[in-house]
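Working notes, beginning with the structure itself.
Both counts, for ligands and for their atoms, begin at 1 and track the order of listing. Along the sequence shown, residues are numbered consecutively beginning with 1.
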Amino acid sequence: MLHRHDGDLYFERVSLAEIADIYGTPTFVYSETAIREAYQSFAGAFRGHPHRICYAVKANSNLAVLQVLAELGAGFDIVSGGELARVIRAGGDPGRVVFSGVGKQDWEIEAALDAGIACFNIESASELQRLADIANRRGQQAPVSIRVNPDVDPGTHPYIATGLRENKFGVAMDTALEMYLQAGDLPSLNVVGIDCHIGSQITELAPFLDALDKVLALLDQVEAAGISISHVDLGGGIGVRYRDEVPVDIDAFASAVTQVMGNRSQTLMFEPGRYIVANAGLLLGRVITLKSNEDRHFAVIDAAMNDLIRPALYQAWQDVVPVGPGEGKAMTWDIVGPVCETGDFLARDRELSLREGDLLAILSSGAYGAVMSSNYNTRMRAAEVMVSGEQHHCIRRRESLDDLLALESLLSRD
Ligand code: LLP
């Protein structure tokens, strides 16, 4: 999707320099084709087994992104009432929504019951009881799955590993059976599934298969107790290539998973976020100032940690490429933002030919980019643009200072 033509960088058939001229910088740019292709490769890999891909909305919740996925027939994995509202606004089918998260509030549960979602992924005994009470009061039956914690090490950054015993997520394997029996006895609950999510940016197959083994062992016990389960949700977490990682090949992943499923009839569900959008997006920024201190060279650009926090928060490596041909002598640069924090860097030690005013593209910014942005330092949040062939659409205008101040009030002094 990203290619160079006459020295200039293009995303699909749109010049990124032109995007910067029209929309300014910093701006997130997404490729509709890349999103479609990623979704279709995932769904296509599972065509031999009943499946549903529930895109993890948290990765990129822009309405237009959700719209593209809704049009492809995707389901959605949400973690809040806000995300549910986005899915509905974007034309997503609530009947294909699963609701994850450790702290679902009453209003969110009620909104999800109103919408008729497919499943509540339950994370604790207390949440199970709360959902049963709310559904009972409303004379409804709530579809449930219990998120088990299979205690496998996904071999990823500690902040994004979720399936270890010490994490706050899910229910320990040895108490899950008891919870299923409890759920089976509550008339306002309808047990439909079993789920887990072991972490994010996982590049190995083994942790997924270990988790699946454990989940299926529990499924057998639950079914032996007379409770039937219609879906197995393995969560998200499938890694992508940011630098030189060799992620799991999706076809190999699908064939290993379906082989372990054997002739079980349950629908396989997944909640991929990063896999669908990470490499379908980039962040465009412009060099404001070049400066050198002692032995380091800094390129201060107009994008910062408030726009893209992954490098600062997880020491994540994302590629930085010049949008123009990049003239002059190459040097080793730290690409930093204007925010007043030493941790405000987007990339370190990059060999680039840079001049003030140059445009840079920070690649792989489609997942956990715009959604994690903030107004720190009273910076307006970036614009978001979707390219599609030779077209470009503004899918979120840049915030204005008025937008930013609109919710605040001065103290009254009369
Ligand atoms: N399902 C559940 C229950 C999750 O908690 C997550 C991600 C996903 C699915 C989607 O995972 P994915 O397929 O995108 O790996 N901000 C971090 C990642 C946090 C992931 C949180 N949960 C980052 O930028 O690396």
Practice problem: Going by the side chain to side chain contact (heavy atoms under 4.5 Å, CB included) test, name the single residue among Val215, Asp220, Leu216, Val222 that passes it with Leu218. | Solution: Val222
Quiz item: Stepwise, does the salt bridge (charged side-chain N to carboxylate O under 4.0 Å, His left out) test hold for Lys58 with Glu83?
Solution: CA-CA 8 Å; Lys58 65 167 80 68; Glu83 287 188 350; 6.0 Å; no
Quiz item: Near Gly273, which atoms of ligand 1 are under 4.0 Å from a heavy atom of that residue?
Solution: 12 (P), 13 (O), 14 (O)
Quiz item: N/O to N/O below 3.5 Å, does that happen between Ser100 and ligand 1?
Solution: no
Self-check item: Residue pair Glu12 / Thr33, side-chain donor-acceptor N/O under 3.5 Å
Solution: yes
Exercise. Please list, chain by chain and in numerical order, all residues satisfying ring pair (Phe, Tyr, Trp, His ring centres under 6.0 Å) with His392, sequence neighbours excluded.
Key: Tyr23
Exercise. Please say whether the positively charged group of Lys104, taken as NZ for Lys or CZ for Arg, lies over the ring of Phe99, i.e. under 6.0 angstrom from the six-membered ring centre and within 45 degrees of the axis.
Key: yes
Quiz item: Does ligand 1 have an atom under 4.0 Å from some heavy atom of Pro272?
Solution: yes
Quiz prompt | ligand 1 N/O within reach of Arg147 N/O, cut-off under 3.5 Å | solution = no
Quiz item: Can you list the ligand 1 atoms lying under 4.0 Å from a non-hydrogen atom of Glu271?
Solution: 1 (N), 2 (C), 3 (C), 8 (C), 9 (C), 10 (C), 13 (O)
Quiz item: Quick one: does Gly237 get an N or O within less than 3.5 Å of an N or O on ligand 1?
Solution: yes
Quiz prompt | Ring center gap for Tyr275 and Phe253 short of 6.0 angstrom | solution = no
Exercise. Considering the heavy atoms of Asp77, write down every atom of ligand 1 situated less than 4.0 Å from one of them.
Key: 1 (N), 2 (C), 9 (C)
Quiz item: Hey, is Tyr275 one of the residues with a heavy atom under 4.0 angstrom from ligand 1?
Solution: no
Quiz item: Would one find an N or O of Gly199, backbone or side chain, under 3.5 Å from an N or O of ligand 1?
Solution: no
Quiz item: Does a side chain donor of either Gln201 or Tyr314 reach within less than 3.5 Å of an acceptor in the other side chain?
Solution: no
Exercise. For Met372, take its heavy atoms, then give the atoms of ligand 1 lying under 4.0 Å from any of them.
Key: 16 (N)
